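Every heavy atom of this structure was used, including side-chain atoms; hydrogens, water molecules and symmetry mates were not. Everything quoted here is computed from the prediction, not taken from an experiment. Whatever order the structure lists ligands and atoms in, that order sets their numbers, starting from 1.
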Amino acid sequence: MARMPRVISSRAGGESRDEGPDRALLLASVLGRDRAWLLAHEEAALTEEQQRRYDALLGRLARGEPLAYLTGEAWFYGRRFLVDPSVLIPRPETEHLIDEALTHLRGYAKPFVLDVGTGSGAIACTVAAESPNAIVYATDTSEAALNVARRNAALQHLRIDFELADLLPSDAALRFDCVIANLPYIPSADIPQPPDPVSFEPRKALDGGPDGLQEYRRLLKVLPSRLNPGALVLLEAAPPTIGALREMVAEASPSAGTSIGLDYAGLNRYVRVALHREG
Ligand SMILES: C[S@@+](CC[C@H](N)C(=O)[O-])C[C@H]1O[C@@H](n2cnc3c(N)ncnc32)[C@H](O)[C@@H]1O
């Protein structure tokens, strides 16, 4: 048995960032406890095996690996999601798209919703949980990501139709009232390199081609015919590419209303596309 490392107290001398909270979360995950338990049990001891696992996790953290991959969990819209290196770690900025979608869905009894490029399932699961009458579909081209998404939906007791598909579900008869897409949107030349934590996330989830808009260009060719009148489409992208994405949308759907949504930092983060209702 080894004495439990002191990880709750704040930064060690000279560190530019307080890593104490990250270390505490790693320690809690090794012990299968939460941080409140650690605070109450500062004198508890680690077994040799726990010490080995903790040291290994500290090494991975020091090499830049995101904390969420080390603990296997991330939080999105107040819910816990399992994550592993096959999925993007859900980001707080994507929560703005959820807020918009939920406001739109309030006007429907039984809306059809699509999450394109679902990753961990964070968007699909959140919409299904917050809007229980919605019929939610989700696609991804990564089988490994879909496995994570299915596990998250099962843990939250949610019914979602997941499909391994390129952009849209294969059932061409489906029409949607709300589509949310957070497709890969980093220009290929800007993909971060190690030890940047983002470099540990799947290339498939990051790389948006030469201008970062390759997948959206493809989506906008096939999506308009799959939308119901009055549908809302929300497309997340990188702030410098939002203007170009909005122009692409206007070209693909000239009669739709478009506007730009901001993230928590006040940066342009998504394009909002509102289709007119008929009649
Ligand atoms: C930026 S991640 C977003 C994950 C999740 N929606 C979120 O917001 O956390 C993009 C996801 O799109 C998937 N993807 C990439 N190209 C795709 C395509 N053509 N069709 C469907 N999914 C795609 C990737 O595998 C990845 O899981």
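Considering only non-hydrogen atoms, atom 25 (O) of ligand 1 lies nearest to Asp140 out of Asp140, Leu167, Leu88. Comparing Ile89, Asn182, Leu168 against atom 2 (S) of ligand 1, the shortest heavy-atom distance belongs to Asn182.
Residue contacts with ligand 1 include Ile123, since one of its heavy atoms falls under 4.0 Å from the ligand. Ligand 1 is approached by Pro184 to a heavy-atom distance shorter than 4.0 Å.
Judged by distance alone, the side chain of Arg91 and the main-chain N or O of Leu88 form no donor-acceptor pair under 3.5 Å. The backbone N or O of Thr141 lies less than 3.5 Å from a partner atom in the side chain of Lys204, making a donor-acceptor pair.
No side-chain donor from either of Asn152 and Gln156 sits under 3.5 Å from a side-chain acceptor of the other. Side-chain polar atoms of Glu95 and Tyr264 form a donor-acceptor pair below 3.5 angstrom. For the residue pair Tyr77 / Asp99, a side-chain donor-acceptor distance below 3.5 Å is found, with atom types taken as modelled.
Atoms of ligand 1 found under 4.0 Å from any heavy atom of Lys204 (numbered from 1 in listed order, with element): 15 (C), 24 (C). If you number the atoms of ligand 1 from 1 as listed, the ones under 4.0 Å from a heavy atom of Gly119 come out as 4 (C), 27 (O). The ligand atoms of ligand 1 that sit less than 4.0 angstrom from a heavy atom of Ala165 are 20 (N), 21 (C). Listed by number with element, the atoms of ligand 1 under 4.0 Å from a non-hydrogen atom of Asp166 are 18 (C), 19 (N), 20 (N).
Shown here is Glu251, whose CD atom has no more than 12 heavy atoms of other residues, nucleotides or ligands within 6.0 Å.
Looking only at heavy atoms of the protein, atom 12 (O) of ligand 1 is closest to Gly117 CA, 3.3 Å. For atom 5 (C) of ligand 1, the nearest protein heavy atom (residue, atom name, distance) is Thr118 O, 3.3 Å. When only non-hydrogen protein atoms are considered, atom 17 (C) of ligand 1 lies nearest to Thr141 OG1, 3.6 Å.
Side-chain contacts under 4.5 Å among hydrophobic residues (ILVMFWY), followed directly or transitively, place Phe200 together with Tyr69, Val83, Val87, Ile89, Val148.
At a heavy-atom cutoff of 4.0 Å, ligand 1 is contacted by the side chain of Glu215 but not by its backbone. Residue Arg218 touches ligand 1 through its side chain alone, judged by heavy-atom distances below 4.0 Å. For Ala205, heavy-atom contacts with ligand 1 shorter than 4.0 Å involve the backbone as well as the side chain. Residue-level proximity to ligand 1 for Pro202 is absent, since no heavy atom of it falls below 4.0 angstrom.
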Taking only distance into account, with no hydrogens and no angle test, what donor-acceptor pairs under 3.5 Å do side-chain atoms of residues 109-118 form with protein atoms, sequence neighbours excluded?
from   : atom 1 : to     : atom 2 : distance (Å)
Asp115 : OD2    : Thr118 : OG1    : 2.7
Asp115 : OD2    : Ala124 : N      : 3.1

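Between Tyr137 and Phe162, the gap from one ring centroid to the other reaches at least 6.0 Å.
Between Tyr270 and His96, the two ring planes are parallel [angle under 30°; tilted spans 30° to 60°].
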